[in-house]
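Residue numbers start from 1 in every chain, and the chains themselves are labelled A, B, ... in the order their sequence lines are given, proteins ahead of strands.
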Amino acid sequence: MVRVRFAPSPTGHLHIGGARTALFNWLFARHEGGVFVLRIEDTDRTRSTEEYIESIMEGMKWLNLDWDEGPFRQTDRFDVYKSCVDKFLAEGKAYHCYCTPEELEERRQKALAEGRPPRYDGRCRLLKEPVPGRTPSVRFKMPQTGQTVVNDLIRGPVSFDNSQLDDFIIARSDGTPTYNFVVVVDDVEMKITHVIRGDDHLNNTPKQIHIYTSLGYETPKFAHLPMIMGHDKTRLSKRHGATSVMAYKEMGYLPDALINYLARLGWSCGDQEIFTREELKARFSMEHIGKSAAVFNPEKLLWLNGEYIRKTSPEELTDLVMPFLIAKGLVKDPETPEGSAWLTNNKQWLRKAVASLTERSKTLVQIAGAMEFYLLDTVEVDPQAREKFLNSETLNYLADVRGGLSGLQEFTHDALEKVFQEIVAKHDTKLAKVAQPVRVAVTGGTVSPGIFDVLEIIGRERTLKRLEKAMKLAGYEL
RNA sequence: GUCCCCAUCGUCUAGUCCGGCCUAGGACAUCGCCCUUUCAAGGCGGUAACAUGGGUUCGAAUCCCAUUGGGGACGCCA
């Protein structure tokens, strides 16, 4: 039975890189019919917060990455680690180190300045007596000769000279255990079979392998995923724009689109670009994960999001856009009585309006923004559009359209089109000449869905009002 | 500085393991054309890559070595 885990440290929100690691673990578990465990690595008490734990889980829930076990928290398990440390100490596999952080830092700087590797020199290994007045940390005794080989599923065998590895701290002087130690204790106890994590952990792996050995356990299989980088090929960070997963929610991205994008970042399946979740689960395999780092490309994500928006039904899309409409104050919150009443009366109409915009929108935010001329009573006309399309030359068209529409029986797409065609014929001109001024009049700008759809959705009353206002702007006097 | 990893269009990648099917395929972006009621969407087409140098071989994007470039690690962070 395959068992994998996602083990974030709650020192920040769930970011793009973390989400990709979580996704690959989740996909592998789902593909193999295994178990996906969530474990919170919060041994660093000074930097871990409850808020970030909540935030990370919120991000995973939004992405629909459900876990089967956990969340386990390492701070709940300190007694387990403590007994392992004591055991190592008793067996001579670890020792007390009385060097202070300040001393270590000083030596590190000195070594770096002199061009030497900044490794711990093992000086406390031979200490027989405690150093008075100091509380020691605990270091693990690494072998000093030989080689350690990591058999990575993605990279193949990677070997390290043990002489390169130093005795690392497994318990701080305050008694709390550190990452390289607890990660192994937990993976053993949680029976993790495959450790899938970022590339940045590859160098830690030989250290961890020796902990497994000292604990008397087999190592799990390792798979180190290539990193995600920004456009300048440096590690992805805030400088590259939004990195937190929830920021993408706020920008109007669909979780499935982000998932699809992230899946293709480092993994491929022939020429296929778009995958449903089921396809992803069915086709995911470790063999098709690439080895080289990938640049995060927001433009391709935006394209994918547009694809997903167009695949979403108007009903669902309307529900998804609602929060953005409420936030913009275009729609009253349906939690309130009046908002609720409005929505029940206008749901179909709202869906039609949303549907008209899906083809030309790539985010929910774009849809919500474009909804303004449907939902507001009046529109503000863009000055440039006004100058170009609301003037003495177009006044006749506007007047004819107003005249034609005021007597129209059915205010529908087809009926509207007929009126426009008559006016076009009468003036022996092109539809664009008539449509564009009307578009400016009713939407305030030069860009919108098809004009007949727009008019039908806006309705006769508001259309006529806006046309009249536009005629005044064009110089019409009563 | 030391160690580790990586290297195909601007970007994500197919092809690499099992050399010939590759005059290197797809996607995003970009450019042009078509469609057209504006903007999109859609259709068609274009520009654009095997980092460099050595080998091995009848033959190398594919195998080997070196160089260069990029990334990562070297914490009482994870």
For B:G75 and B:U52, measure between their P atoms and round to the nearest Å.
37 Å
Taking the six-membered ring where the residue is Trp, are the ring centres of A:Phe6 and A:Trp26 under 6.0 Å apart?
no
I need the CH2-C1' distance between A:Trp303 and B:U30, as an integer number of Å.
16 Å
Sort out the partner of B:A14 for me: Watson-Crick or G-U wobble, both distances under 3.5 Å, none otherwise.
none
Between B:C39 and B:U23, how many Å separate the two P atoms, rounded to a whole number?
42 Å
Is the shortest side-chain N/O distance from A:Arg310 to OP1 or OP2 of B:G42 below 4.0 Å?
yes
Of A:Pro117 and A:Asp174, the one whose closest nucleotide on RNA chain B sits nearer the 5' end is A:Pro117
Within the modelled atom types, does a donor on one side and an acceptor on the other bring the side chain of A:Arg155 and the base of B:C5 under 3.5 Å apart?
no
Spell out, as yes or no, whether a donor-acceptor pair under 3.5 Å connects the side chain of A:Asn305 to the backbone of A:Gly252.
yes
d(CZ, A:Arg235; C1', B:C5) in whole Å:
14 Å
Quick one: A:Tyr179 OH to B:A73 P, roughly how many Å, whole number?
12 Å
Base-pairing mate for B:C3 - Watson-Crick or G-U, with both contacts under 3.5 Å
B:G72
Just the rounded figure in Å: distance from C1' of B:U13 to NZ of A:Lys291.
15 Å
Looking only at heavy atoms, which two atoms of A:Leu153 and A:Ala223 are closest? And how far apart?
CB-CB, 4.1 Å
Using the C1' atom in both, what is the distance from B:U56 to B:C65, to the nearest Å?
11 Å
Check the distance between B:C74's P and A:Arg108's CZ and give it to me in whole angstrom.
10 Å
Whole-Å distance, A:Ile274 CD1 to B:C12 C1', equals 14 Å
Determine whether a donor-acceptor pair (one donor, one acceptor, N or O, separation below 3.5 Å) exists between the side chain of A:Glu273 and the base of B:G26.
yes
Would you measure the distance from the C1' atom in B:C63 across to the matching atom in B:C17 and give it in whole Å?
11 Å
Determine the Euclidean distance between corresponding P atoms of B:A61 and B:G25; express it in Å to zero decimal places.
14 Å
Can you find a side-chain donor-acceptor pair between A:Asn162 and A:Thr148 that sits under 3.5 Å?
yes
Distance check, C1' atoms only: B:A51 and B:A27, in whole angstrom units.
23 Å
Please evaluate the base of B:U2 for a donor-acceptor partner in the side chain of A:Arg119 within a cut-off of under 3.5 Å?
no
Below 4.0 Å: OP1/OP2 of B:G69 and any side-chain N or O of A:Lys233
no
Gap between atom CZ of A:Arg5 and atom OG1 of A:Thr21 - 0.5 Å precision
10.0 Å
Euclidean distance for P, B:G10 against B:C5 (whole angstrom):
27 Å
Tell me: OH of A:Tyr95 to C1' of B:C76, nearest whole Å?
13 Å
A:Ile40 side, atom CD1; A:Gln74 side, atom CD - distance, nearest 0.5 Å:
9.0 Å
Rounded to whole Å, the CG-C1' distance (A:Leu302 to B:U11) equals 14 Å
